[in-house]
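What follows is a set of notes on a single structure, which appears directly below.
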Amino acid sequence: MIRIALAKGRVSDSVLEILKGKGIEFGDEKDDRKLILHEPEGKYELILVKPQDTPTYVEQGVAECGIVGRDIVMEQDSDVYQLFSLEAAKCKLCLAGKPGGRLERYSNIKIATKYTSSAEAFLEQKGVGFELIKLNGSVELAPILGMSDAIIDIVETGNTLRANGLEIWEDICEIQCVFIANKAALKTRHKELSELISCLYEGKV
Ligand code: PRP
């Protein structure tokens, strides 16, 4: 049995659909409080975990593999293999703020974000002075309340920005889901993992 750690939320919704399309179904997925889902053939078990914790379950080896947004993997320095991207839960990392704003107007900019590593790399590459304010959610509030000049956050539909009177200033990068694997398991459970990988892999890296 291969245990797959799946990031709860936007990733799990679309990955469960992909798995279903590949003939891998979990009968108990309708019960949204269940954290462990079983596939009737007993080949796979899914554990539904917080996105930020997904690499940890895989690194620790309690799950042989996992599926999580690349935004999370970019923020963490987990010792896992990132094998390939999946066409699921596509979104982008953006710099956003009040309408009409631009990064070039600032010599020193205050940015609120959940993604401090990615934000730091982007702002350093832009050569602008910056101060980061780490938040864990509802980041859009920061520029509205004057706590920051802008945010760096993921945008999927754009609805959250629109609903809060903000707009994208600049796209930073595209973000997809990534299939990650425990390093030891890729050797010791190679046959079973290969079967799952070839089922999910669509030629996109
Ligand atoms: C993410 C992100 C935005 C929103 C973007 O938040 O931080 O707030 O989704 O999606 P949209 O473009 O489709 O509106 P999430 O839903 O993870 O909640 P959070 O703010 O609590 O982190």
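Order of listing sets the numbers, starting from 1, for every ligand and every atom in it. These numbers come from the heavy atoms of this one structure, side chains and all, not from hydrogens, waters or symmetry mates.
Taking every non-hydrogen atom of V155 and a distance limit under 4.0 Å, the qualifying atoms of ligand 1 come out as 12 (O). When each atom of ligand 1 is checked for a heavy atom of T160 under 4.0 Å away, the hits are 4 (C), 5 (C), 8 (O), 10 (O), 11 (P), 14 (O). Atoms of ligand 1 lying under 4.0 Å from any heavy atom of T157, numbered from 1 in the order shown and given with element: 11 (P), 12 (O), 13 (O), 14 (O). Distances below 4.0 Å separate heavy atoms of G137 from the following atoms of ligand 1: 19 (P), 20 (O), 21 (O), 22 (O). Atoms of ligand 1 lying under 4.0 Å from at least one heavy atom of E140, given by number and element, are 3 (C), 8 (O).
Panel note: side chain R162, backbone T157; a donor-acceptor pair is recorded below 3.5 Å. S78 contributes no side-chain N or O that, together with a main-chain N or O of V80, makes up a donor-acceptor pair within less than 3.5 Å. With E59 contributing its side chain and D79 its backbone, the two residues share a donor-acceptor pair below 3.5 Å.
M74 and V139 sit in two unconnected hydrophobic clusters of ILVMFWY residues. Membership requires side-chain heavy atoms under 4.5 Å apart, directly or through other members.
Contacts of D153 with ligand 1, taken as heavy-atom pairs under 4.0 Å, involve the side chain alone.
Taking atom 18 (O) of ligand 1 as the reference point, the nearest protein heavy-atom neighbour is K114 NZ, 4.2 Å. What sits closest to atom 16 (O) of ligand 1 on the protein, heavy atoms only, is R10 NH2, 3.5 Å. Closest to atom 20 (O) of ligand 1, if we only count protein heavy atoms, is S138 N, 2.9 Å.
Among the candidates L166, N164, I111, the single residue satisfying the side chain to side chain contact (heavy atoms under 4.5 Å, CB included) test with P143 is L166. Applying side chain to side chain contact (heavy atoms under 4.5 Å, CB included) to N182 and the options L193, T188, V58 leaves one that passes, V58.
Residue contacts with ligand 1: I154 is included, with a non-hydrogen atom under 4.0 Å away. Using a non-hydrogen distance threshold of 4.0 Å, R162 does not register as a contact of ligand 1.
Side chains of D153 and Y115: a donor-acceptor N/O pair is absent below 3.5 angstrom, by distance only.
How far NZ of K110 is from CD1 of I151: 15.5 Å, rounded to the nearest 0.5 Å.
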